[in-house]
Amino acid sequence: ILAVVVTALAVVMAVANNAAPIAILALVGGFLSPVLLSTGVNRPYAFFFFLSVLDLVAMGSAYFRRWRVLDLLCFAGTAIMYIGWHEKFYGPDQMTPALFYTSVFYLMFLLIPTFHGLVRRVPETPEGLVLVVLSAALSLFSYYDVLFPNYRYVLGFVVLDQAFLVFLLFQVWTKRVGIDSRVSMSLLAIALGLVILAIPIQLKLYGIPLAWSMEGAVFTFLGIRFRQTLCKIAGSVAFVLAAAGLIYRL
C-alpha cells in the first residue's frame, strides 16, 4: 500500500511539473517493490492488483501528458512481472487469476496508448501503435499458454473476444478522431488478424479452409462496400489461406 501511495504521489508531482523523469523513477521503484518485498509466497491476487494499480497510475498520467516512454515502461514492467510469476508459480490451480488479470492488462494496454488521443481528439504516435500491437500479442500468448493444452475450443472464442474489443475501440476511435489515421487502420488490422487466427484454433480438417473462404468473402464485401483497402487485403489473405489449406489437406 505504501509503495502504491509513494508511486502515485510521485507521478502526480511529475504530471503537475511536466517532469517525465520523476514519473519514470517512481514507476521503476514501483515495479521493483514486489521483487524487493517478496517473501517467496504466491499471492497472485495481491500481486496482480498491485501491478494493475501501477498501470492505472500510468493511465491517469496519460490523460494529461503523452509520455510514451512511461507507457512502454509500464508495459515492459507488467510483462516481465507476469512472465516471472508464470514461470515460478503457475499451475492448473492458478488458471483463474492468470486468465482474469491477463484480460485486465489487455484491456488496460488497449486504452493507455489511445486514451490521450481519444480525449484530446489528436492523432496517435508510432510508439502508441507499437504498444497496442505488443499488448495484443502478449495477451494472445498468455491465453494460448493457459488454454490451448486442455481448452482449445474455449481459446478460439477468447481470441474472437479479443478481436471484438479491438474492433470496438476502432469504432470509438473513428467517431472521436476520424477513420483516416494510422491508429484506426492499425486497430482494424489487429481485429481482422485475430479473427483470421481464431479459425485454425477453433476448427479442424476441412472446416478451416471453408471458414477462411467465408471470411475472405465477408472481408472483401466489407472492403468494397465501405471502400476500405485494409479489408480487401484481409479478404485476399483469407482466400490465399483457404486455398493453401485446402491444397494441403487434399
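Quick caveat, the model's predicted, so the values are computed rather than measured.
- Side chains of L192 and E215 form no contact here, defined as non-hydrogen atoms less than 4.5 Å apart.
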Can you give me every donor-acceptor pair (side chain of residues 146-159, partner residue at least two apart or in another chain, under 3.5 Å) with its distance?
from	atom 1	to	atom 2	distance (Å)
R152	NE	I201	O	2.7
R152	NH2	P200	O	2.8
R152	NH2	L203	O	3.3
Y153	OH	K204	NZ	3.4

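- D55 and C74 make their closest contact through OD1-CB, 3.6 Å (heavy atoms, listed as atom of the first residue, atom of the second, distance).
- Heavy-atom neighbours of F49 CZ from other residues, nucleotides or ligands within 6.0 Å: at or below the threshold of 12.
- Aromatic rings from F167 and F170 are positioned such that their centres are separated by under 6.0 Å.
- In terms of the ring pair (Phe, Tyr, Trp, His ring centres under 6.0 Å) criterion, F31 has no residue partners (sequence neighbours excluded).
- Rounding to the nearest 0.5 angstrom, the gap separating the CG atom in L110 from the CG atom in L187 is 7.5 Å.
- Screening residues 28-44 for side chain to side chain donor-acceptor pair (under 3.5 Å) gives N42-W85, N42-Q94 as the qualifying pairs, with residues at least two apart or on separate chains.
- Atoms CG and CG, on L138 and L134 in that order, are 8.5 Å from each other to the nearest 0.5 Å.
- By the rule that hydrophobic residues join a cluster once side-chain heavy atoms approach within less than 4.5 Å of another member, F75 and I80 end up as members of separate clusters.
- Taking CD1 of I190 as the reference point, atom CG of L197 lies at 13.0 Å (rounded to 0.5 Å).
- Within the 4.5 Å cutoff, the side chain of F48 has no heavy atoms near those of the V104 side chain.
- Linking Ile, Leu, Val, Met, Phe, Trp and Tyr whenever their side-chain heavy atoms come within less than 4.5 Å leaves L168 and V195 in two separate clusters.
- A distance of 11.5 Å separates CG of L99 from OG of S139, quoted to the nearest 0.5 Å.
- Under the 4.5 Å side-chain heavy-atom criterion for ILVMFWY residues, a single connected hydrophobic cluster contains both L54 and Y45.
- Rounding to the nearest 0.5 angstrom, the gap separating the CG atom in L246 from the CG atom in L210 is 7.5 Å.
- Placement of M108 and F164 in two distinct hydrophobic clusters is found when ILVMFWY residues are connected by side-chain heavy-atom separations under 4.5 Å, directly or transitively.
- Listed for the W212 side chain is a donor-acceptor partner under 3.5 Å among the backbone atoms of I196.
- When all heavy atoms are compared, the tightest approach of F105 to L51 is CZ-CB, 3.9 Å.
- No continuous path of hydrophobic side-chain contacts links F239 to Y248 [ILVMFWY only; heavy atoms under 4.5 Å].
- The environment of OH in Y144 is sparse: at most 12 heavy-atom neighbours from other residues, nucleotides or ligands sit within 6.0 Å.
- Listed by first and then second residue, the side chain to side chain donor-acceptor pair (under 3.5 Å) pairs involving residues 160-172 amount to none (not counting sequence neighbours).
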Enumerate, atom names and distances included, each donor-acceptor pair closer than 3.5 Å involving a side-chain atom of residues 1-25, sequence neighbours excluded.
from	atom 1	to	atom 2	distance (Å)
T7	OG1	A3	O	2.8
N17	ND2	M13	O	2.8

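- Annotation: side chain to side chain donor-acceptor pair (under 3.5 Å) contacts involving residues 98-108, sequence neighbours excluded, comprise Y82-T102, S103-Y143.
- Taking both residues in full, the closest heavy atoms of I208 and R249 are given as CD1-NH2, 3.2 Å, listed atom of the first, atom of the second, then distance.
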Exercise for review: Decide yes or no on side-chain contact (heavy atoms from CB on, under 4.5 Å) for L188 and C231, but give the supporting numbers first.
Suggested key: CA-CA 8 Å; L188 183 59; C231 284; 4.0 Å; yes

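- When every heavy atom of D71 is checked against every heavy atom of F109, the shortest pair comes out as O-CE2, 4.1 Å.
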Point to revise | Step-by-step side-chain contact (heavy atoms from CB on, under 4.5 Å) determination, V132 to L169 | key: CA-CA 11 Å; V132 171; L169 182 59; 5.8 Å; no

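- Of the possible polar contacts, one joining the T220 side chain to the G216 backbone as a donor-acceptor pair under 3.5 Å is found.
- Between M81 and V35, the shortest heavy-atom contact is CE-CG2, 3.6 Å.
- With rounding to the nearest 0.5 Å, the separation of OG1 in T114 from CG in L131 is 9.0 Å.
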